Amino acid sequence: MNKRIKVILLAAIASLSVVGCSSSKGNEARVMRVAHNQGEEHPIHLALKEFEKIVEDKTNNEIDIQVYPNELLGGQRESVELTQTGAIDIAVGSISLLESFNKSYSVFNLPYLFNSKEHYHSVMNDKDIMGDIYESTRESGFVGLTWFDAGSRNMYTTDKPVMKPEDLKGKKIRVQQSQTNIRMMELLGGSATPMSFGEVYTALQQKVIDGAENNELALTNNKHGEVAKYYSYNQHGMIPDILIMNAKLLDNLSEEHRNIILDAANEINKFQVDAWEDKVSEAVEQSKRWGLNSTTQIQNHLKKKFYHFIEK
Ligand code: GCU
């Protein structure tokens with residue numbers, strides 16, 4: 001079935017059963033569908049299953065959270081759009097993608113924005129900064145609830161390692177569907193190839209692209225490391241994911257239910273950040289076993305190149 005038609009069908013089914021639906025977990029439970037694009041071992045999925053548990057327990061199953069992993073309700077762009085309209089209730093969107101819904105998210109897509117993981121986490125945990133940013137998409141129909149760690153983004157390639165910016169010349173590198181990410185790759189000399197995350201494995205395998213850029217879990221959880229054997233630790237981006245929710249739905253909940261959702265979102269942020277640490281260590285070990293070559297050689301070259309652009 002054509003992917004778009006599948007998404008529309010799934011969304012229609014979802015919206016039909018949203019209100020006043022009875023579920024196995026209780027009578028007249030309010031079903032809330034949560035969409036994301038990762039597999040069931042990924043820290044985001046584990047955190048969302050925890051969200052399901054907390055919300056259902058605290059509401060005595062008056063809310064029935066249903067988590068759909070693996071792009072089952074569409075790629076990330078589609079699921080964010082469906083959350084705008086309310087066909088999906090809650091979704092996970094990378095900040096890269098969210099910049100097209102509000103410009104305030106763009107700043108996070110700038111390369112080498114943060115000096116360290118600690119710097120990055122302190123900004124993300126700062127409610128004075130993030131509170132307004134989460135609200136910035138309200139007019140577009142959704143708001144942010146919390147953030148999920150997605151580590152640092154690095155280049156990985158199938159044929160040759162990227163050791164210096166010149167190695168990207170003429171290479172087709174997949175980036176997220178974000179103007180800032182596209183521009184970044186162009187400035188580096190690579191040929192930016194935007195596509196949805198779920199398409200990257202096949203694109204690498206079929207040599208439609210020469211590489212991509214992402215965190216370590218893309219190599220193991222999403223198996224990109226089966227095809228791309230060179231990982232260059234250049235750390236150009238620390239770009240988290242945001243848990244978003246349809247704004248009307250959140251506003252129309254009773255105060256009690258709204259607080260349960262907001263508290264649960266806070267709680268799973270800590271859960272996910274811890275799970276992320278563990279999974280990245282596992283991924284590093286696993287990728288060594290797969291014979292993946294990693295290098296940090298490019299990091300300083302790239303930083304210098306970006307600072308040079310900024311100065312200009
Ligand atoms: C990371 C991020 C996802 C995003 C993906 C991508 O895995 O956590 O939200 O979709 O990168 O590159 O598309």
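Since we're looking at a predicted model, the values are computed, not measured. Just so you know, ligand 1 is whichever comes first in the structure, and atom 1 is the first atom listed for that ligand.
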* To do: Determine, step by step, whether Met195 and Ile209 satisfy the side-chain contact (heavy atoms from CB on, under 4.5 Å) criterion, reporting the C-alpha distance in whole Å, the side-chain angles of both residues, the deciding distance to 0.1 Å, and the verdict.
  => CA-CA 10 Å; Met195 65 177 70; Ile209 50 175; 3.9 Å; yes

* Report the C-alpha separation of Tyr68 and His36 in whole Å, then their side-chain angles, then the decisive distance to 0.1 Å, and conclude whether the side chain to side chain donor-acceptor pair (under 3.5 Å) test is met. => CA-CA 6 Å; Tyr68 292 82; His36 71 91; over 6 Å; no

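With sequence neighbours excluded, the residues satisfying side-chain contact (heavy atoms from CB on, under 4.5 Å) with Asp126 are Asp128, Ile129.
In terms of protein heavy atoms, atom 4 (C) of ligand 1 is closest to Gln176 OE1, 3.7 Å. Nearest protein neighbour of atom 10 (O) of ligand 1, counting heavy atoms only, is Asn37 ND2, 2.9 Å. Considering only non-hydrogen protein atoms, atom 7 (O) of ligand 1 sits nearest to Gln38 NE2, 3.1 Å. The single protein non-hydrogen atom nearest to atom 9 (O) of ligand 1 is Asp241 OD1, 2.5 Å, given as residue, atom name and distance.
Of all the heavy atoms of Val200, none lies under 4.0 Å from any atom of ligand 1, so neither backbone nor side chain is involved.
Leu48 is connected to Val55 through a chain of hydrophobic side-chain contacts under 4.5 Å among Ile, Leu, Val, Met, Phe, Trp and Tyr, so both are in one cluster.
At least one heavy atom of Arg153 lies less than 4.0 angstrom from ligand 1.
Shown in contact with Ser94 at under 4.0 Å from a heavy atom are these atoms of ligand 1, numbered in order with element: 9 (O). Atoms of ligand 1 lying under 4.0 Å from any heavy atom of Arg174, numbered from 1 in the order shown and given with element: 6 (C), 12 (O), 13 (O).
Closest heavy-atom approach to atom 1 (C) of ligand 1 among the candidates Asn214, Leu217, Asn221, Leu97: Asn214.
Of the N and O atoms on the side chains of His42 and Asn222, not one donor lies less than 3.5 Å from an acceptor on the other residue.
Partner of Trp147 under the ring pair (Phe, Tyr, Trp, His ring centres under 6.0 Å) criterion, chosen from Tyr134, Phe108, Tyr120: Tyr120.
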